[in-house]
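This report refers to the structure that appears directly beneath it.
In each ligand, atom 1 is the first atom listed, and ligand 1 is the first ligand listed. We number each residue from 1, following the sequence as shown.
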Amino acid sequence: MVVIPNRWEKNAEDWASIGEALPEGAFDEVVLLPVAASTNDIARRKLDTCDRVLVLAESQTKGRGQGGRRWESPRGGLWFSLGLREAQGNLSLVPILTGVAVADGLREMGFDARLKWPNDVVVAGGKVAGVLVETSVRGDRTDVVVGIGVNVNICPRFLQERVVESRVATLSALAGHPLPRGEVLSHILAAFFRLWPRWREGRTEPVVDRWRKLSVTLGQRIIVQGRGGDPRAAVAVDLAPDGSLVVLDDEGTPRRVVEGRLITRDEGLAGSDGG
Ligand code: BTN
């Protein structure tokens, strides 16, 4: 069921083909909203009554990014969440899988999209998309909410004035013209649902291998800023099957980074913020 509200914004003309954008039978319910606090919260609530939901909003007033940071979500962007009710446990690779799907979707559209660990999608050094996966376990069921934000038809200057910690990019500025967001959505969902069934069967290597190929992080000298810890210099050497980053510290000791921010020295970026 596709629910299209009457008050859908005027600039949503590029949603005309939304029905065609959706993989056949992928969702029980699709909700399009002119404005939402956070599509992740709506998707999570919707999982009380359905198994698979897609929630899109024209803008978000309380868009959330990684590490509890704010995610700028003005009109013109693609802000959406997939709510998936799952039976299984190990979800650590889902953020990586989602980053790969977004990058591959954008690559199909001709953008040279790459991944900065864990799942920042960058084009020409600027962050064009971010992923926030939130999970909750309720008895024998696990609710997975996959939130994706893509800077599509937005003026980069508008975003950059509000996002101080990373260099941002927008697809319209990169392409030189506005893009139909339904098409961007379609490519990302198709890539996501190519990977998802294989991951559900327990196959992690297609995701991990693809991430390695698209990574701008591997081989880089980085600074790892863990939660509450001192920043540490290291070299990123691999992605482990659970999605953690394998690094060699200055003593040559291998360590795994499960969460935190990366600062890549050549870019001078501080990764996870964006919008
Ligand atoms: C990041 O910090 O890189 C993650 C950003 C994720 C933003 C998306 S927009 C749709 C969904 N709703 C939210 O509140 N956040 C995610």
Side-chain angles (χ1 to χ4, degrees), residues 15 27 30-47 53-84 94-103 105-106 113-123 125-136 143-154 159-160 162-171 181 184-185 188-189 192 211 214-217 225 227 243 245 259-264 267 269-275:
W15 287 120
F27 301 104
V30 176
V31 183
L32 306 180
L33 299 167
V35 62
S38 162
T39 54
N40 267 28
D41 294 339
I42 295 170
R44 191 176 49 246
R45 284 199 294 274
K46 281 275 170 194
L47 286 178
V53 63
L54 170 67
V55 180
L56 297 108
E58 179 74 8
S59 64
Q60 297 183 116
T61 53
K62 290 190 176 150
R64 262 198 314 280
Q66 291 165 21
R69 287 181 286 276
R70 179 181 162 78
W71 179 263
E72 290 295 333
S73 323
R75 284 168 46 169
L78 177 56
W79 322 124
F80 68 103
S81 302
L82 316 179
L84 306 164
V94 175
I96 297 285
L97 180 153
T98 308
V100 169
V102 175
L106 298 184
R114 299 188 171 267
L115 289 160
K116 178 177 172 191
W117 186 85
N119 50 27
D120 287 356
V121 183
V122 294
V123 177
K127 179 167 171 174
V128 289
V131 170
L132 179 67
V133 175
E134 297 175 316
T135 57
S136 43
D143 291 348
V144 187
V145 174
V146 176
I148 300 174
V150 189
N151 303 330
V152 185
N153 300 321
I154 307 173
L159 278 186
Q160 197 65 80
R162 290 159 177 80
V163 178
V164 289
E165 294 188 56
S166 61
R167 212 171 114 202
V168 300
T170 75
L171 296 183
R181 286 172 295 170
V184 181
L185 175 69
I188 293 173
L189 290 180
F192 183 89
W211 187 93
L214 297 178
S215 163
V216 293
T217 303
Q225 173 75 73
R227 237 178 235 172
L245 186 68
E259 62 171 10
R261 296 160 58 127
L262 296 191
I263 301 169
T264 44
E267 293 167 321
L269 294 182
S272 300
D273 293 329

If you count the atoms of ligand 1 from 1 in the order shown, which ones are under 4.0 Å from a heavy atom of G63? 14 (O)
From R69 atom CZ to L132 atom CG, the distance as rounded to the nearest 0.5 Å: 10.5 Å
Any donor-acceptor N/O pair, W71 side chain to Q66 backbone, under 3.5 Å: no
Check whether any N or O atom of Q66, backbone or side chain, sits under 3.5 Å from an N or O atom of ligand 1, and answer yes or no. yes
So the atoms of ligand 1 within less than 4.0 Å of a heavy atom of R64 turn out to be 5 (C), 6 (C), 7 (C), 13 (C), 14 (O), 15 (N), 16 (C)
Applying a heavy-atom cut-off of 4.0 Å, say which part of S81 lies close to ligand 1: side chain, backbone, both or neither. side chain
For ligand 1, is there an N or O atom under 3.5 Å from any N or O atom of T39? yes
Just jot down the side-chain contact (heavy atoms from CB on, under 4.5 Å) partners of A103, sequence neighbours excluded, or say none. A113, L115, V121, L214
Atoms of ligand 1 close to G65 [distance to a heavy atom under 4.0 angstrom, numbered from 1]: 1 (C), 2 (O), 4 (C), 5 (C)
Using a 3.5 Å distance criterion without hydrogens, assess whether the side chain of W211 forms a donor-acceptor pair with backbone atoms of N119. no
Are any of the N/O atoms in Q60 less than 3.5 Å from those in ligand 1? yes
Tell me whether N151 contacts the main-chain N or O of A169 through its side chain, where contact means a donor paired with an acceptor under 3.5 Å. yes
For ligand 1, the portion of R69 having any non-hydrogen atom under 4.0 Å away: neither
D41, portion touching ligand 1 at heavy-atom distance under 4.0 Å: neither
Taken in chain and number order and not counting sequence neighbours, the residues that satisfy side-chain contact (heavy atoms from CB on, under 4.5 Å) with A43 are V53, V55, S81, V145
Just how far is it from atom CG of L33 to atom CD1 of I42, taken to the nearest 0.5 Å? 5.0 Å
Could you see which bit of N119 sits under 4.0 Å from ligand 1, with heavy atoms only: side chain, backbone, both or neither? neither
